[in-house]
Amino acid sequence: QLQLVESGGGSVQAGGSLRLSCVASGYTYRSYCIDWFRQAPGKGREGVAAIYTGDGKTYYADSVKGRFTISQDNAKNTVYLEMNSLKPEDTAMYYCAADLGNGGNCQGFEGDYWGKGTLVTISS
(Lines give C-alpha, C1' and ligand atoms only; values in the text may rest on other atoms or scores of the structure.)
Protein backbone atom coordinates (compact mmCIF):
# COMPACT_ATOMS: atom_id res chain seq x y z
CA GLN A 1 0.00 0.00 0.00
CA LEU A 2 1.10 3.53 -0.74
CA GLN A 3 -0.62 6.52 0.82
CA LEU A 4 -0.17 10.11 -0.34
CA VAL A 5 -1.22 13.23 1.54
CA GLU A 6 -1.05 16.72 0.05
CA SER A 7 -0.90 19.96 1.98
CA GLY A 8 0.03 23.59 1.51
CA GLY A 9 -2.87 24.86 -0.54
CA GLY A 10 -4.55 28.15 0.16
CA SER A 11 -5.56 31.49 -1.28
CA VAL A 12 -3.00 33.95 -2.63
CA GLN A 13 -2.99 36.96 -4.92
CA ALA A 14 -1.63 36.82 -8.44
CA GLY A 15 2.14 37.05 -8.45
CA GLY A 16 2.44 35.32 -5.10
CA SER A 17 3.89 31.96 -4.16
CA LEU A 18 2.86 28.73 -2.50
CA ARG A 19 4.66 25.51 -1.70
CA LEU A 20 2.72 22.27 -1.79
CA SER A 21 3.87 19.12 -0.04
CA CYS A 22 3.15 15.48 -0.82
CA VAL A 23 4.05 13.03 1.92
CA ALA A 24 4.26 9.36 0.99
CA SER A 25 3.92 6.49 3.43
CA GLY A 26 3.78 2.74 3.14
CA TYR A 27 5.47 1.35 0.04
CA THR A 28 8.31 3.84 -0.20
CA TYR A 29 11.30 1.53 -0.48
CA ARG A 30 11.64 1.66 -4.25
CA SER A 31 12.01 4.31 -6.93
CA TYR A 32 8.96 5.65 -8.68
CA CYS A 33 7.47 8.78 -10.22
CA ILE A 34 5.65 11.35 -8.14
CA ASP A 35 3.43 13.54 -10.28
CA TRP A 36 1.52 16.70 -9.51
CA PHE A 37 -1.81 17.12 -11.29
CA ARG A 38 -4.39 19.86 -11.15
CA GLN A 39 -8.03 20.11 -12.09
CA ALA A 40 -10.18 23.22 -12.24
CA PRO A 41 -14.00 23.02 -12.10
CA GLY A 42 -15.34 21.90 -15.44
CA LYS A 43 -11.85 21.22 -16.79
CA GLY A 44 -9.88 18.09 -17.43
CA ARG A 45 -7.06 16.88 -15.24
CA GLU A 46 -3.69 18.31 -16.23
CA GLY A 47 -0.27 16.98 -15.32
CA VAL A 48 1.94 19.87 -14.25
CA ALA A 49 5.18 18.41 -12.86
CA ALA A 50 6.81 15.11 -12.01
CA ILE A 51 9.96 13.77 -10.41
CA TYR A 52 11.63 10.39 -10.48
CA THR A 53 12.65 9.57 -6.92
CA GLY A 54 15.53 7.38 -8.07
CA ASP A 55 17.63 10.13 -9.61
CA GLY A 56 15.68 13.35 -9.06
CA LYS A 57 15.04 14.01 -12.74
CA THR A 58 12.18 16.46 -13.18
CA TYR A 59 9.51 17.07 -15.79
CA TYR A 60 7.21 20.05 -16.33
CA ALA A 61 4.22 21.00 -18.38
CA ASP A 62 4.83 23.95 -20.68
CA SER A 63 2.26 26.01 -18.79
CA VAL A 64 4.34 26.02 -15.60
CA LYS A 65 7.94 25.89 -16.84
CA GLY A 66 10.00 28.64 -15.28
CA ARG A 67 7.44 29.23 -12.52
CA PHE A 68 7.05 25.90 -10.71
CA THR A 69 9.79 23.72 -9.24
CA ILE A 70 9.36 20.13 -8.10
CA SER A 71 11.83 18.69 -5.60
CA GLN A 72 12.17 15.87 -3.10
CA ASP A 73 13.41 15.24 0.41
CA ASN A 74 14.11 11.53 0.57
CA ALA A 75 14.63 11.51 4.33
CA LYS A 76 11.10 12.84 4.81
CA ASN A 77 9.50 10.85 1.97
CA THR A 78 8.19 14.16 0.73
CA VAL A 79 7.89 15.81 -2.66
CA TYR A 80 7.39 19.55 -2.92
CA LEU A 81 5.89 21.74 -5.60
CA GLU A 82 7.14 25.31 -5.31
CA MET A 83 4.82 27.62 -7.22
CA ASN A 84 5.95 31.15 -8.02
CA SER A 85 4.49 33.97 -10.10
CA LEU A 86 1.06 32.46 -9.64
CA LYS A 87 -1.71 33.37 -12.04
CA PRO A 88 -5.50 33.16 -11.73
CA GLU A 89 -5.46 30.34 -14.26
CA ASP A 90 -3.43 28.28 -11.78
CA THR A 91 -6.52 28.04 -9.58
CA ALA A 92 -7.39 24.36 -9.22
CA MET A 93 -7.45 21.38 -6.95
CA TYR A 94 -3.90 20.01 -6.90
CA TYR A 95 -3.25 16.29 -6.49
CA CYS A 96 -0.11 14.27 -6.13
CA ALA A 97 0.09 10.77 -7.54
CA ALA A 98 2.58 7.92 -7.65
CA ASP A 99 3.38 5.72 -10.63
CA LEU A 100 5.15 2.58 -9.49
CA GLY A 101 5.37 0.97 -12.93
CA ASN A 102 7.54 3.45 -14.77
CA GLY A 103 10.98 2.78 -16.14
CA GLY A 104 12.51 5.93 -14.76
CA ASN A 105 10.82 8.28 -17.23
CA CYS A 106 8.02 10.39 -15.74
CA GLN A 107 7.17 12.56 -18.73
CA GLY A 108 3.90 10.74 -19.32
CA PHE A 109 2.31 12.14 -16.14
CA GLU A 110 0.68 8.95 -14.89
CA GLY A 111 -0.62 7.93 -11.51
CA ASP A 112 -1.55 4.65 -9.82
CA TYR A 113 -2.02 6.01 -6.29
CA TRP A 114 -3.58 9.37 -5.53
CA GLY A 115 -3.93 11.80 -2.70
CA LYS A 116 -7.17 13.58 -1.93
CA GLY A 117 -5.98 16.97 -3.16
CA THR A 118 -5.31 20.44 -1.82
CA LEU A 119 -7.08 23.54 -3.10
CA VAL A 120 -5.16 26.46 -4.60
CA THR A 121 -7.02 29.69 -5.29
CA ILE A 122 -5.33 32.63 -7.02
CA SER A 123 -7.09 35.98 -7.09
CA SER A 124 -6.39 38.78 -9.55
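In this chain, residues are counted from 1 in sequence order.
Heavy-atom minimum distance, Cys96 versus Glu6: N-OE2, 2.9 Å. Nearest heavy-atom pair across Ala97 and Gly111 is CB-CA, 3.8 Å. The two atoms that bring Gly117 and Met93 nearest to each other are C-SD, 3.8 Å, heavy atoms only. Contact between Gly9 and Val120 at its shortest, heavy atoms only, is CA-CG2, 4.2 Å.
For the pair Tyr94 and Leu81, the minimum side-chain heavy-atom distance is below 4.5 Å. The side-chain heavy atoms of Val48 and Glu46, taken from C-beta on, include a pair separated by under 4.5 Å.
Considering SG of Cys106 and OH of Tyr59, their distance stands at 5.0 Å, rounded to 0.5 Å. Note: Ile70 CD1 to Met83 CE = 11.5 Å, rounded to the nearest 0.5 Å. In this structure, CD on Gln3 lies 11.0 Å from NZ on Lys116, to the nearest 0.5 angstrom. Residue Leu4 holds its CG atom at 10.0 Å from OH of Tyr113, rounded to the nearest 0.5 Å. Expressed to the nearest 0.5 Å, how far SG of Cys22 lies from CH2 of Trp114 amounts to 11.0 Å. Separating the CG atom in Asp90 from the OG atom in Ser63 is a distance of 7.5 Å, to the nearest 0.5 Å.
With sequence neighbours left out, the side-chain hydrogen bond (donor to acceptor under 3.5 Å, both in side chains) criterion links Asp62 to Lys65. Val12 is linked by a side-chain contact (heavy atoms from CB on, under 4.5 Å) to Leu18, Leu86, Ile122, counting only residues two or more places apart in sequence or in another chain. Scored by the side-chain contact (heavy atoms from CB on, under 4.5 Å) test, Thr53 finds Ser31, Tyr32, Ile34, Gln72 as partners (sequence neighbours excluded). Scanning for side-chain hydrogen bond (donor to acceptor under 3.5 Å, both in side chains) contacts around Thr69 gives an empty result, with sequence neighbours left out. For Ser17, the side-chain hydrogen bond (donor to acceptor under 3.5 Å, both in side chains) partners two or more places apart in sequence, or in a different chain, are Asn84.
Ring centroids of Trp36 and Phe109 are separated by 6.0 Å or more, keeping the two rings apart.
Applying the disulfide bond (SG atoms under 2.5 Å apart) test to every pair with at least one member in residues 44-83, sequence neighbours left out, gives no pairs at all.
Cluster annotation: Phe37 is not connected to Val5 through the hydrophobic network of ILVMFWY side chains, with a link wherever side-chain heavy atoms come within less than 4.5 Å. In terms of hydrophobic clustering, with Ile, Leu, Val, Met, Phe, Trp and Tyr side chains grouped at heavy-atom distances under 4.5 Å, Ile51 and Phe68 are assigned to a common cluster.
Judged by distance alone, the side chain of Asp35 and the main-chain N or O of Glu110 form a donor-acceptor pair under 3.5 Å. Checked by atom type and distance alone, the side chain of Arg67 pairs as donor or acceptor with a backbone atom of Ser85 at under 3.5 Å. Within the 3.5 Å criterion, the main-chain N or O of Asp112 finds no donor-acceptor partner in the side chain of Asp99.
In this structure, Arg45 satisfies the cation-pi test against Tyr95, with its NZ or CZ atom closer than 6.0 Å to the six-membered ring centre and inside 45 degrees of the ring normal.
A salt bridge does not link Arg19 to Glu82: none of the charged side-chain nitrogens sits closer than 4.0 Å to a carboxylate oxygen.
Looking only at atom types and distance, the side chain of Ser124 has no donor-acceptor partner in the side chain of Gln13 under 3.5 Å away.
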